[in-house]
Amino acid sequence: MRSRLASAIESALETMGIREASGDIQIERPNDPGRGDLSSNIAMAAAKRMGGNPRELAGRLKDSIVLDAGFIDRVEVAGPGFLNFAFSKAWLTKQVEIINIEGRDYGRSEIGRGRKVQVEYVSANPTGPLVIVAARAAAVGSALVNILRKTGHEVESEYYLNDAGSQVRKLGVSLMTRFMQRLGQDVPFPEDGYPGGYLVDIAGLIPEEDGRLWLAKAPEESAAAFGEFALDHIIRWIRRDLDGFGVVFDNYFRESALHAAGGGIGETLEIFKSGKAVYEDDGALWFRSTDYGDEKDRVLVRSDGTPTYFLADAAYHLDKFRRGYSRVIDIFGPDHHGHIARLKAAAAVFGAPDGWLDIMTVQWVRLVEDGRQVKMSKRGGEFETLGSLVEDVGSDASKFFFLMRKINAHLDFNLTLARKSSDENPVYYVQYAHARICSVIAFAGEAGVRLPEDMSCVSLLEEPEELELIRNLVIFPHLVEGAAESCEPHRLTGYAQQLAASFHRFYHICRIVSSDERLSQARLLLAEASRIVLAESLGLLGVSAPDRM
RNA sequence: GCCCCCGUAGCUCAGUGGAUAGAGCACCGGUUUCCUAAACCGGGUGUCGCAUGUUCAAGUCAUGCCGGGGGCGCCA
C-alpha cells in the first residue's frame, strides 16, 4: 500500500515537472491517527531542494495527485507541509476479506527472496547448564529466525558448541575431583574448577568401574575421559532445556570437528598467512587484526604450538563463509563483545563482503523478585538456569518478557509479574484476546452464525472501533518487514499488545453475535482476521496462542 | 586508560529525522439481566542526563562532558 501511494506521488511530481525529488519520497504513519493513515514529507523535502514554500507545493501536489477513491479518499495538507492520506472505508473493510483468505500467510513478504541467512545464537559453553542470559538469546534468536523466514529469507539456525580447549580440560578435572570425593578420597577442589553442584550429580552417574579405570590413566588422558563424560551429559541437558523452551536448532556445530585432522584450523591458518596478515613474536603466531580495525593484534597459535579459541572461531566462520550464506548473523552474549572486531577482521581476510557478518549482542538480564534483585552467586555455583525459569514462569511468559525489550538494553526480568496468571501480565493479556475470539467463534457457531463464503458483508463494518481494529491489522505486514530489516523482534511484542487492546475494545463495544445475521457475519470475519494476525504475531515470537484459558 | 551498551513519567521501558513524546505496572474511581471481567472506561505539570553542533525539522544524527553497566588473557 505504501509503494502504491509512493508511485502516485511520483507521477504527480512528474506531471508538475519535478523530477529530482522523487528519491526523497517517504511514506510514514502519522503518530496521531486523527491526521490520517499515511503521510508524506515530500513537499518539505522538495521545497528544500528547489526552494519555495513547502505548504504551497503540498497544495499543488494535492491537486495534481491522482488516487483511486477506492483506496484513499481524503488528502490534506497539514502542519509545515505534510500531505496526509486516509484510507477509504471500502479499502479498509476489503482487507478483512483479504486476511481471511490469506490466513497465516498474511504478512508474508518477499524482501528476503534469494537471501540465504544463517543465524547463530546461544552457543553457550557446554560446561554447565544454560543460564538466564542464554535463555534471552534463545528467545531472541528463534524469534528472529521466524521473522526472517516470514519475510522470504532462507534461514538456517545453528548452535556452536565449544567442546574443545582448556575449559573442557578444566571441566574434566573438576568432574574427576568430584568423582574422587564420591569415592571418599579427601581431595581439594581445584581453584579454577567449576564448583556447581551439577558436577556432583554427574559424578554420581559415572559407573564406578569406568571411573576407576579413567583415574588410572595418565593425567591428561584421565582429564579428557572425565571431560567427555561431563560434556556428553551437559550437552544433553542443554538440548533438553532448549527443547522445553520450544527452541530448535537446524544444526549443532562442534568446535572439536575443527581441531580434528583436516578440520579447517590448518587451512584457516594458511589463508591468514597468504593474506600476509600474520607475524611471529615471542614464539607465537599473531594476526595483524589492527590492520582491519581491531584495537590490538590477536594470537592465533600459542608459543606452545596450540591454536587459540580465536583461531578455531575464525576457522568456524571460514566454514560458514564457504557454505555460501549471503549473510551471517551471530547473536553474542554480553561477555563476548570484544570478539566482534577480530571476527570481522578475519571475515575480511577471507574475502567476505562488507556487512556479510552481522554481530548482535544481547545484554545482561537481572532477575527481580518483589522489587529486589535475585542474588545469583556464580562463585558458589548457584544460578538460575533456563530450565528452572521455564519451570517457574513457563516458556510463554519467559519468551514474551525477553522479547519485550531491545536486545542491546539490560533487562530487568520481573519474576513476580511473570508468575502472575492475571490481568497485570502482558502475555496473558494477548493470549486472552486470542482465546476470547476462539470462544466467540464457537458461540456463534452454536447460534447458527458461521464464517460466510461470500465475504461482501464486510462492507457493513463502520463503527469507529471496527475501523480502528482494521487499521491495526493492516499495519502487520509492514511491521514484520521492519522487524526483519532491523533485526528487532521486540517490535512484535508491542504490536501484539496494541492489537489485543484494539480487539478487546471492539469486543466490548460491538456485539458480534446479534439478530442481524449479515452484520454478525461481518463482525465474525473481523474477529477471525484478528485471531489470524494475533496467532501469527505470537507464532513469530514463539509464544503459543491458546484456544481457551 | 581504551572500546561497546544504556540514561525518556514514581517503577520497568516503547518511540523507522517529522506535527501536541507514548505503553505497561503501581495508585484512585467507575462498568456485568448480554458472545470469556484474564475485559472495558476515566484520572499524567516529563529540565527526553548536560552542552554545543548538523538540519526546513533532533528524544532520534555528530562531537564533548556527566552518571550506570559490561568488555579489554598466548582463558573459552
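Below, chain A is the first sequence line, B the second, and so on; all start at residue 1.
- With B:G18, B:A39, B:C74 as the candidates, the nucleotide lying closest to the side chain of A:H504 is B:A39.
- At whole-Å resolution of the value, CD1 in A:I407 and P in B:C4 are 17 Å apart.
- A:S39 comes within contact range of at least one nucleobase, with a heavy-atom separation under 4.0 Å.
- Closest approach to the A:R436 side chain among B:A76, B:A19, B:A37 is made by B:A37 (side chain taken as heavy atoms from C-beta onward).
- Distance from the side chain of A:N84 is smallest to B:A19 among B:A76, B:C74, B:A19.
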Worksheet item: Can you list the steps and then say if A:R523 with A:E465 is a salt bridge (Lys or Arg N to Asp or Glu O under 4.0 Å)?
Response: CA-CA 11 Å; A:R523 287 181 171 166; A:E465 290 76 18; over 6 Å; no

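- Side-chain nitrogen and oxygen atoms of A:K406 include at least one within less than 4.0 Å of the OP1 or OP2 phosphate oxygen of B:G15.
- The pairing partner recorded for B:A37 is none, the criterion being a Watson-Crick or G-U wobble arrangement whose two distances lie under 3.5 angstrom.
- With RNA chain B read from its 5' end, the first of the two nearest nucleotides for A:M404 and A:R342 is the one closest to A:M404.
- Here the side chain of A:Y429 is nearest to one of B:A14, B:A39, B:A19, namely B:A39.
- Of the side-chain N and O atoms in A:N408, none sit less than 4.0 angstrom from OP1 or OP2 of B:C4.
- If you check B:C74, B:G15, B:A19 against the side chain of A:A78, the one that comes closest is B:A19.
- Look at A:W364 and the base of B:G69; the rings do not stack under the cut-offs of 5.5 Å between centres and 30° between planes.
- The salt bridge (charged side-chain N to carboxylate O under 4.0 Å, His left out) pairs that include a residue from residues 159-176 of chain A are A:D163-A:R254, A:R169-A:E220, where partners are two or more places apart or lie in different chains.
- Taking atom CZ of A:F310 as the reference point, atom P of B:C72 lies 15 Å away to the nearest angstrom.
- Following rounding to the nearest Å, A:D412 (CG) and B:C5 (P) show an atom-to-atom distance of 20 Å.
- Nucleotide B:G67: paired with B:C6 (Watson-Crick or G-U wobble, both distances less than 3.5 Å).
- One interatomic measurement links the two molecules: CG of A:L469 to C1' of B:A39, which rounds to 15 Å at whole-angstrom precision.
- Between A:Y316 and A:F253, the two ring planes are tilted [angle within 30° to 60°].
- Taking atom P on both B:G18 and B:G59, the two are 10 Å apart, rounded to the nearest angstrom.
- Residue contacts for A:N53: at a heavy-atom cut-off of 4.0 Å it reaches no nucleic acid atom on any strand shown.
- For the 3.5 Å distance criterion, the side chains of A:S514 and A:D516 fail to qualify, holding no donor opposite an acceptor.
- Between A:E528 and A:N100, the shortest heavy-atom contact is CG-OD1, 3.1 Å.
- Between B:U52 and B:G30, the two P atoms lie 49 Å apart (nearest whole Å).
- Annotation: B:G15 and B:C6 have their P atoms spaced 11 Å apart (nearest Å).
- For A:S166, whose side chain is taken as the heavy atoms from C-beta onward, the closest listed nucleotide among B:C75, B:C74, B:G18 is B:C75.
- The salt bridge (charged side-chain N to carboxylate O under 4.0 Å, His left out) analysis of residues 491-501 of chain A, with sequence neighbours excluded, yields the pairs A:E488-A:R491.
- For B:A26, there is no paired nucleotide, since no Watson-Crick or G-U wobble pair has both relevant distances below 3.5 Å.
- With B:G18, B:C74, B:C72 as the candidates, the nucleotide lying closest to the side chain of A:E28 is B:G18.
- Taking atom P in both B:G43 and B:C25, one finds a spacing of 16 Å when rounded to whole Å.
- Counting heavy-atom neighbours within 6.0 Å of A:E517 CD, excluding the residue itself, gives a total of 12 or less.
- Across all strands, A:K170 comes closer than 4.0 Å to no nucleic acid atom at all (heavy-atom distances).
- Heavy-atom contacts from other residues, nucleotides or ligands closer than 6.0 Å to CD of A:E228 number 12 or fewer.
- Taking atom P on both nucleotides, B:C2 is separated from B:A58 by 31 Å, rounded to a whole Å.
- For A:Y198 and A:H233, the ring centers sit 6.0 Å or farther from each other.
- Not a single donor-acceptor pair, N or O on each side, falls under 3.5 Å between the base of B:C74 and the side chain of A:T308.
- The side chain of A:R511 lies closest to B:C35 when the candidates are B:C4, B:C35, B:G15.
- Nucleotide B:G73 has no partner under the Watson-Crick or G-U criteria, as no pair reaches both atom distances under 3.5 Å.
- Close to B:C74, at under 4.0 Å from its OP1 or OP2, lies no side-chain N or O of A:R298.
- A:H508 contributes no side-chain N or O that forms a donor-acceptor pair with the base of B:A37 under 3.5 Å.
- Out of B:C2, B:C35, B:C13, the shortest distance to the side chain of A:E295 is found at B:C2.
- In this structure, A:M549 atom CE and B:A39 atom C1' are separated by 12 Å, rounded to whole Å.
- Between A:R302 and the phosphate of B:C75, there is a side-chain N or O to OP1/OP2 separation shorter than 4.0 Å.
- Contact check, A:N31 against B:A21: no side-chain N or O comes under 4.0 Å of OP1 or OP2.
- As rounded to whole Å, 17 Å separates atom C1' of B:C11 from atom CZ of A:F413.
- For the C1' atoms, the distance linking B:A21 with B:U47 amounts to 14 Å, nearest Å.
- Atom CZ of A:F400 is separated from atom P of B:A14 by 14 Å (rounded to the nearest Å).
- Distance noted for atom P between B:A76 and B:C72: 13 Å (whole Å).
- A:Y194 has no side-chain polar atom (N or O) that falls below the 4.0 Å cut-off from OP1 or OP2 of B:C75.
- The partner of B:U47 cannot be assigned: no Watson-Crick or G-U wobble pair with both contacts below 3.5 Å exists in any strand.
- Across all strands shown, B:A19 has no partner, as no Watson-Crick or G-U wobble contact with both distances under 3.5 Å is found.
- With B:C35, B:A76, B:U16 as the candidates, the nucleotide lying closest to the side chain of A:I512 is B:C35.
- Across the protein-nucleic acid pair, A:K344 atom NZ and B:C4 atom C1' stand 12 Å apart, rounded to whole Å.
- Of all nucleotides present, only B:U52 satisfies the Watson-Crick or G-U wobble test against B:A62, with each distance under 3.5 Å.
- Annotation: B:A26 and B:A9 have their C1' atoms spaced 12 Å apart (nearest Å).
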